[in-house]
Amino acid sequence: MTQSFLFDRRVNSLAGTAALAGEIADLLKPGDIIALGGTLGAGKTAFARALVRHLAREDIDVPSPTYNLLLTYDFDDFCLYHYDLYRLESPEEAFELDIDEAFDTGVSLIEWPGRLGKYLPEDHLLIEIRPEEEADEEARIFRFYGDDAWRRRLTKLAEAHNA
């Protein structure tokens with residue numbers, strides 16, 4: 001399975017980030033792996049927070065898992081595992097966080113996925129987030145990468161924003 005560029009999406013505000021996160025949340029199913037890439041302050045945690053709140057259908061407290069490395073959220077259809085792997089010293093440390101179980105049975109939302117190295121499954125959806133140069137402080141570009149299965153699942157989302 002080869003990852004390829006799928007599409008870009010520009011948002012102008014945190015509300016736009018939340019709306020995009022909600023659209024992705026509505027597509028999730030057990031076994032999905034969402035990898036969030038970007039530099040410090042790019043908006044990975046803001047996206048993750050909005051995605052979790054959308055799934056919860058309420059404005060719950062969603063802290064960053066920076067110090068815990070993992071926070072879990074139980075929903076009707078699956079458990080969401082929210083990882084922040086920034087502080088991992090080796091990819092193997094992720095197995096102490098039951099990441100293999102998360103890949104098999106839940107939905108994995110991973111900040112700093114590059115820290116997994118060869119252990120990041122190929123069938124993940126990568127969302128690279130970057131601040132938009134010379135724009136409002138909250139403006140972001142979301143660049144989506146995935147395999148053919150993700151391309152099919154995201155077709156309507158991509159088309160809706162290219163129309």
Side-chain angles (χ1 to χ4, degrees), residues 3-75 77-88 94 97 99 102-103 106-116 120-121 123-133 135-147 149-151 153-162:
Q3 289 231 314
S4 59
F5 171 74
L6 302 177
F7 65 97
D8 279 338
R9 169 89 176 271
R10 181 185 190 278
V11 301
N12 295 318
S13 63
L14 285 175
T17 293
L20 177 59
E23 290 176 86
I24 298 299
D26 288 340
L27 300 173
L28 296 178
K29 61 184 184 185
D32 283 345
I33 301 165
I34 309 298
L36 299 177
T39 60
L40 278 172
K44 296 179 294 295
T45 300
F47 181 88
R49 184 172 288 129
L51 188 141
V52 171
R53 287 179 176 158
H54 182 85
L55 290 169
R57 306 282 187 234
E58 61 181 294
D59 192 19
I60 63 171
D61 183 39
V62 181
S64 171
T66 300
Y67 296 103
N68 298 335
L69 301 181
L70 168 64
L71 295 172
T72 59
Y73 302 89
D74 288 315
F75 299 110
D77 297 332
F78 53 79
C79 180
L80 184 127
Y81 296 81
H82 180 195
Y83 293 94
D84 184 328
L85 303 180
Y86 183 75
R87 296 182 325 127
L88 281 190
L97 303 170
I99 203 161
F103 291 160
V107 170
S108 303
L109 183 62
I110 306 169
E111 298 183 47
W112 300 99
R115 304 276 192 193
L116 281 177
L120 181 64
D123 61 349
H124 68 277
L125 174 66
L126 172 62
I127 305 173
E128 283 286 339
I129 307 170
R130 63 179 171 85
E132 187 169 16
E133 302 288 324
D136 185 279
E137 178 178 308
E138 295 179 356
R140 298 288 185 268
I141 300 291
F142 291 82
R143 180 162 277 184
F144 291 78
Y145 297 88
D147 60 15
W150 277 110
R151 180 181 305 280
R153 285 175 67 188
L154 296 173
T155 297
K156 289 182 182 177
L157 180 64
E159 288 174 353
H161 300 288
N162 290 331

Rounded to the nearest 0.5 Å, how far does CD1 of I141 lie from CZ of R9? 10.5 Å
For residues 106-114, which side-chain N or O atoms pair as donor and acceptor with protein atoms under 3.5 Å away, sequence neighbours left out?
{"from": "E111", "atom 1": "OE1", "to": "T45", "atom 2": "OG1", "distance (Å)": "2.8"}
{"from": "E111", "atom 1": "OE2", "to": "T45", "atom 2": "OG1", "distance (Å)": "3.2"}
{"from": "E111", "atom 1": "OE2", "to": "H82", "atom 2": "NE2", "distance (Å)": "2.7"}

Should we say atom OH of Y86 is surrounded by more than 12 heavy atoms from elsewhere, each under 6.0 Å from it? no
State the CG-CG distance between L55 and D74, to the nearest 0.5 angstrom. 12.0 Å
Heavy-atom distance under 4.5 Å between the side chains of I33 and L120, does that happen here? yes
Compare every heavy atom of T39 with every heavy atom of K44, then report the nearest pair and how far apart it is. NZ-O, 2.8 Å
What is the distance from atom CZ of R153 to atom CG of L6, rounded to the nearest 0.5 Å? 12.0 Å
Considering all heavy atoms of both residues, which atom of A48 and which atom of L36 are nearest to each other, and what is their separation? CB-CD1, 4.2 Å
Keeping to residues at least two apart or across chains, list the ring-ring contact (aromatic ring centres under 6.0 Å, His included) pairs with something in residues 23-53. F47-F142
Answer whether the closest heavy-atom distance between the side chains of R115 and R87 falls below 4.5 Å. no
When rounded to the nearest 0.5 angstrom, what is the spacing between CG in L80 and CD1 in I34? 9.5 Å
Show the nearest heavy-atom pair for residues L116 and A94, with the distance to one decimal. CD2-CB, 3.4 Å
Flag side-chain contact, heavy atom, 4.5 Å: Y81 against I99: no
Roughly how far apart are L97 CG and T72 OG1, rounded to 0.5 Å? 11.5 Å
What residues, two or more places apart in sequence or in another chain, satisfy ring-ring contact (aromatic ring centres under 6.0 Å, His included) together with F103? none
Give the minimum heavy-atom separation between E128 and Y145, together with the two atoms involved. CG-CE1, 4.0 Å
Taking the side chain as everything from C-beta on, heavy atoms only, tell me whether I24 gets closer than 4.5 Å to L154. yes
Could you tell me which non-hydrogen atom of L126 sits nearest to which non-hydrogen atom of G37, and how far apart they are? CD1-N, 4.1 Å
Would you say D32's side chain and K29's backbone share a donor-acceptor pair under 3.5 angstrom? yes
For Y73, which residues count as a ring-ring contact (aromatic ring centres under 6.0 Å, His included) partner, sequence neighbours excluded? none
According to salt bridge (Lys or Arg N to Asp or Glu O under 4.0 Å), does anything in residues 11-22 pair up with another residue at least two apart or in another chain? List the pairs. none
How close do A25 and H54 get, counting heavy atoms only, and between which atoms? CB-CD2, 3.6 Å
Euclidean distance, R140 CZ relative to S13 OG, rounded to 0.5 Å: 10.5 Å
For residues 45-54, which residue pairs qualify under salt bridge (Lys or Arg N to Asp or Glu O under 4.0 Å), counting only residues two or more places apart or in two chains? R53-D59
